[in-house]
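Notes for the one structure printed next.
For this chain, numbers begin at 1 and follow the sequence in order.
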Amino acid sequence: MARLSDEEVAHRIAYRVITALTKKPTVQVTDRWKQYLERNLSPTEISDALWSESSCEEDSKAVRWQNRFISSSMRYILHRRGLLPHRSGSYPLQHSQYWARDQAMKRAEVILVAMDCLCTPGCVCSWKICLGLAVGDDQLSEIKDISRARRQEIGRLLACELSGIQELPGQPLYHPATVLGLL
């Protein structure tokens with residue numbers, strides 16, 4: 001199968017977000033991260049705890065997606081600050097959870113770039129990206145083993161594709177930047 005262009009990847013993701021939002025979704029908003037702040041856990045510990053929460057079967061898929069995304073966003077920021085090593089190469093079976101977390105961190109980067117491009121005062125576009133993806137428990141399967149430059153470009157293209165998203169229905173979710181800023 002031929003490799004998708006960056007434009008095609010961004011278009012596919014945007015289509016799924018818009019499709020989810022046109023169904024006028026409502027999801028439970030998670031704020032589990034607050035309990036970890038109150039316990040004075042380190043950012044790495046909070047990220048690990050939220051990652052564990054993302055597999056809690058009692059929660060809806062949307063709540064699990066939100067926990068996984070906030071965890072992955074935290075990992076991305078910690079990695080960019082040099083506080084979390086990125087593992088490259090093969091992963092032994094006993095460390096396959098690190099591979100999954102590293103892949104999720106790469107997918108979070110695309111979403112964060114798009115959100116940053118759309119974030120302007122008074123605009124609700126950025127959290128609507130998360131809402132659309134959370135509703136569908138979208139794992140962004142197109143974002144796998146691609147370079148950082150491509151992830152950044154796909155994020156920018158996704159923002160362009162979703163520039164009119166403000167007109168679509170949706171409820172507010174916690175903006176990840178707000179959550180991460182508290183940590």
Side-chain angles (χ1 to χ4, degrees), residues 9-10 13-14 16-17 20 27-37 39 41-56 59-87 97-120 123-159 162 165 170 172-183:
V9 172
I13 296 168
R16 294 193 305 264
V17 169
V27 297
Q28 177 187 357
V29 177
T30 182
D31 60 359
R32 293 228 176 92
W33 47 271
K34 287 182 181 178
Q35 69 179 325
Y36 301 122
L37 280 178
R39 291 175 28 200
L41 297 179
S42 73
T44 304
E45 292 171 322
I46 293 172
S47 174
D48 290 344
L50 286 171
W51 184 267
S52 295
E53 295 272 353
S54 73
S55 43
C56 180
D59 289 331
S60 69
K61 287 182 179 182
V63 168
R64 293 192 307 250
W65 187 94
Q66 291 171 69
N67 285 329
R68 189 171 43 251
F69 177 64
I70 293 171
S71 171
S72 300
S73 297
M74 290 177 69
R75 289 180 64 78
Y76 171 71
I77 290 169
L78 291 168
H79 171 69
R80 295 284 297 153
R81 290 182 177 172
L83 301 173
L84 183 71
H86 177 71
R87 297 163 190 86
Q97 76 270 16
Y98 295 125
W99 180 86
R101 290 179 187 186
D102 285 350
Q103 292 302 310
M105 178 179 69
K106 292 174 184 178
R107 292 188 298 266
E109 179 181 5
V110 172
I111 300 166
L112 291 169
V113 167
M115 292 174 76
D116 188 49
C117 290
L118 289 173
C119 197
T120 58
C123 181
V124 295
C125 302
S126 55
W127 60 257
K128 284 191 177 185
I129 295 173
C130 289
L131 176 62
L133 294 171
V135 166
D137 191 28
D138 197 319
Q139 302 303 307
L140 301 181
S141 58
E142 301 91 345
I143 310 299
K144 185 176 178 182
D145 296 324
I146 62 173
S147 69
R148 182 165 193 274
R150 279 196 73 201
R151 291 191 302 270
Q152 295 278 320
E153 181 61 17
I154 291 168
R156 285 188 286 278
L157 291 166
L158 179 59
L162 295 173
I165 199 172
L173 294 179
Y174 284 109
H175 192 298
T178 303
V179 176
L180 299 173
L182 294 172
L183 307 172

Out of curiosity, [X] [atom1] to [Y] [atom2], how far, rounded to the nearest 0.5 Å?
{"X": "Asp102", "Y": "His79", "atom1": "CG", "atom2": "NE2", "value": "8.0 Å"}
{"X": "Ile111", "Y": "Leu158", "atom1": "CD1", "atom2": "CG", "value": "8.5 Å"}
{"X": "Met74", "Y": "Asp48", "atom1": "CE", "atom2": "CG", "value": "9.0 Å"}
{"X": "Cys130", "Y": "Leu112", "atom1": "SG", "atom2": "CG", "value": "7.5 Å"}
{"X": "Trp51", "Y": "Met105", "atom1": "CH2", "atom2": "CE", "value": "10.5 Å"}
{"X": "Ile146", "Y": "Ile154", "atom1": "CD1", "atom2": "CD1", "value": "3.5 Å"}

Using atom types as modelled and distance alone, determine if a side-chain donor or acceptor of [X] lies under 3.5 Å from a backbone N or O of [Y].
{"X": "Trp65", "Y": "Asp138", "answer": "yes"}
{"X": "Gln66", "Y": "Ala62", "answer": "yes"}
{"X": "Ser47", "Y": "Ser71", "answer": "yes"}

pair [X]-[Y]: side-chain heavy atoms closer than 4.5 Å:
{"X": "Arg150", "Y": "Val110", "value": "no"}
{"X": "Leu78", "Y": "Arg75", "value": "no"}
{"X": "Arg156", "Y": "Val113", "value": "yes"}

task = Please list, chain by chain and in numerical order, all residues satisfying salt bridge (Lys or Arg N to Asp or Glu O under 4.0 Å) with Arg148, sequence neighbours excluded.
result = Glu109
task = For Asp137, enumerate each residue passing the salt bridge (Lys or Arg N to Asp or Glu O under 4.0 Å) test, keeping only those at least two apart in sequence or located in another chain.
result = Arg68
request  = Give a yes or no on whether Arg80 atom CZ has more than 12 heavy-atom contacts from other residues, nucleotides or ligands under 6.0 Å away.
outcome  = no
query = Taking it one step at a time, do Val63 and Glu53 satisfy side chain to side chain contact (heavy atoms under 4.5 Å, CB included)?
reply = CA-CA 9 Å; Val63 168; Glu53 295 272 353; over 6 Å; no
Might you point out which heavy atoms bring [X] and [Y] nearest each other, and give the distance in Å?
{"X": "Leu118", "Y": "Ala159", "value": "CD2-O, 3.5 Å"}
{"X": "Asp59", "Y": "Asn67", "value": "OD2-ND2, 4.4 Å"}
{"X": "Ile143", "Y": "Gln103", "value": "O-OE1, 4.4 Å"}

